[in-house]
Engineer: 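Sending over a structure as structure tokens; questions will come in a sec.
No experiment lies behind these values; they were computed from the predicted model shown.
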Amino acid sequence: MHKSRYTSVKPFTTKDGSIIRELMHPSVHGNANQSLAEAIVPVGQGTQLHQHHRSEEIYHVTEGEGRMVRGDEIFAIIPGDTICIPPGTPHRVDNTGPTELKILCSCSPPYSHDDTELLK
């Protein structure tokens, strides 16, 4: 089954504290090499600083506004921004706006809790 419907995907909270909907993941949908999820960061909240040892992530901001920490960089993010996060790069996002921050997250290889290391 290489198809999902947004309303059928139940959200869950990841190790970094974001609310995630796995829109396409090999463990559920049968695709092979990547995952696609929507991350939601509520108003006034942020994710915990973390890194992935194997996965490269690409974030695409669809709604809201925030601040991203990626390695030694700190920068604003708004709808339409796309950010690449190489494996082993510490990162986090904070919602700095008045509405939910929504980000599409593509991971290759696919997202795994085991590949996620929380940092201080």
Side-chain angles (χ1 to χ4, degrees):
M1 177 172 92
H2 291 117
K3 177 183 180 286
S4 72
R5 180 159 286 147
Y6 185 86
T7 55
S8 299
V9 179
K10 295 187 189 281
F12 66 93
T13 302
T14 62
K15 286 174 75 173
D16 72 9
S18 56
I19 301 164
I20 294 289
R21 272 193 171 84
E22 283 284 7
L23 304 173
M24 186 70 54
H25 195 281
S27 66
V28 178
H29 303 99
N31 57 303
N33 300 313
Q34 61 185 318
S35 61
L36 178 65
E38 177 189 61
I40 298 174
V41 182
V43 174
Q45 295 186 30
T47 62
Q48 188 170 341
L49 187 68
H50 65 286
Q51 66 183 2
H52 307 285
H53 297 282
R54 294 181 306 276
S55 287
E56 174 182 78
E57 285 190 291
I58 296 176
Y59 283 6
H60 180 75
V61 181
T62 59
E63 293 182 34
E65 54 191 72
R67 180 183 65 216
M68 175 142 206
V69 174
R70 180 182 64 180
D72 294 334
E73 302 173 277
I74 300 173
F75 51 91
I77 55 174
I78 60 171
D81 288 353
T82 304
I83 304 103
C84 182
I85 306 160
T89 303
H91 58 284
R92 66 170 283 141
V93 293
D94 296 300
N95 184 336
T96 59
T99 61
E100 289 182 326
L101 175 61
K102 293 185 178 183
I103 302 170
L104 287 177
C105 306
S106 177
C107 295
S108 180
Y111 176 82
S112 164
H113 286 307
D114 294 339
D115 187 39
T116 304
E117 177 186 3
L118 299 178
L119 304 168
K120 294 181 183 185

Engineer: Quick check: do T14 and Y111 have side-chain heavy atoms less than 4.5 Å from each other?
Structural biologist: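 Yes, at least one pair of side-chain atoms sits under 4.5 Å.
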
Engineer: Does the side chain of T82 reach to within under 4.5 Å of the side chain of I58, using non-hydrogen atoms?
Structural biologist: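 Of all side-chain heavy-atom pairs linking I58 with T82, at least one is under 4.5 Å.
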
Engineer: Quick one: closest heavy-atom pair of V69 and G71, and the distance?
Structural biologist: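 Scanning both residues, the minimum pair turns out to be CG1-O, 3.9 Å.
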
Engineer: Can you hop from V41 to I20 via hydrophobic side chains spaced under 4.5 Å?
Structural biologist: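 In one cluster with V41: I20, no.
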
Engineer: State the CG-OG1 distance between D16 and T47, to the nearest 0.5 angstrom.
Structural biologist: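 If I round to the nearest 0.5 Å, the distance is 4.5 Å.
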
Engineer: Is T99 close to E63 at the side-chain level, that is, under 4.5 Å between some pair of heavy atoms?
Structural biologist: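 No, their side chains stay 4.5 Å or more apart.
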
Engineer: How far does NZ of K3 sit from CE of M24, to the nearest 0.5 angstrom?
Structural biologist: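 One finds 9.0 Å between NZ of K3 and CE of M24.
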
Engineer: Please name the pair of heavy atoms, one in P87 and one in H53, separated by the smallest distance, quoted to 0.1 Å.
Structural biologist: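 So the two residues come closest at CB-O, 3.6 Å.
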
Engineer: For the residue pair T62 and P79, what are the closest heavy atoms and their distance?
Structural biologist: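 T62 and P79 have their closest heavy atoms at O-CB, 3.8 Å.
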
Engineer: Taking all non-hydrogen atoms of both residues, which atom of N95 and which atom of E65 are closest, and how far apart?
Structural biologist: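 In this case the closest contact between N95 and E65 is OD1-O, 3.4 Å.
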
Engineer: Considering non-hydrogen atoms only, spot the tightest contact between I77 and L101 and give its length.
Structural biologist: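 Residues I77 and L101, closest heavy atoms: CD1-CD2, 4.2 Å.
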
Engineer: Rounded to the nearest 0.5 Å, how far apart are SG of C105 and CD of E22?
Structural biologist: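 Between atom SG of C105 and atom CD of E22 there are 9.0 Å.
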
Engineer: Answer whether the closest heavy-atom distance between the side chains of P26 and N31 falls below 4.5 Å.
Structural biologist: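 Yes, their side chains come closer than 4.5 Å.
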
Engineer: Any chance you could measure L36, atom CG, to R21, atom CZ, to the nearest 0.5 Å?
Structural biologist: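 Interatomic distance, L36 CG to R21 CZ, rounded to 0.5 Å: 13.0 Å.
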
Engineer: Which distance, rounded to the nearest 0.5 Å, do you find between the CD1 of I85 and the CZ of R92?
Structural biologist: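 It is 13.0 Å, given to the nearest 0.5 Å.
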
Engineer: Over 60° means perpendicular and under 30° means parallel, so classify the ring planes of Y59 and H91, tilted if in between.
Structural biologist: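 Ring orientation of H91 relative to Y59: perpendicular.
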
Engineer: Please name the pair of heavy atoms, one in S55 and one in P110, separated by the smallest distance, quoted to 0.1 Å.
Structural biologist: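 Where S55 meets P110 most closely, the heavy atoms are OG-O, 3.6 Å.
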
Engineer: When you compare the side chain of S4 with that of H29, does any pair of heavy atoms fall below 4.5 Å?
Structural biologist: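 In short, these two side chains touch, coming nearer than 4.5 Å.
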
Engineer: Looking at CZ of R70 and CZ of F75, how far apart are the two atoms once the value is rounded to the nearest 0.5 Å?
Structural biologist: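 Spacing of CZ (R70) from CZ (F75) equals 4.5 Å.
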
Engineer: Can you find a heavy atom in the side chain of L104 that is under 4.5 Å from one in the side chain of L23?
Structural biologist: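 Side chain of L104 against side chain of L23, heavy atoms only: contact under 4.5 Å found.
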
Engineer: Find out whether H50 and K15 are in side-chain contact, i.e. whether some heavy atom of one side chain is under 4.5 Å from a heavy atom of the other.
Structural biologist: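 In short, these two side chains do not touch, never coming nearer than 4.5 Å.
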
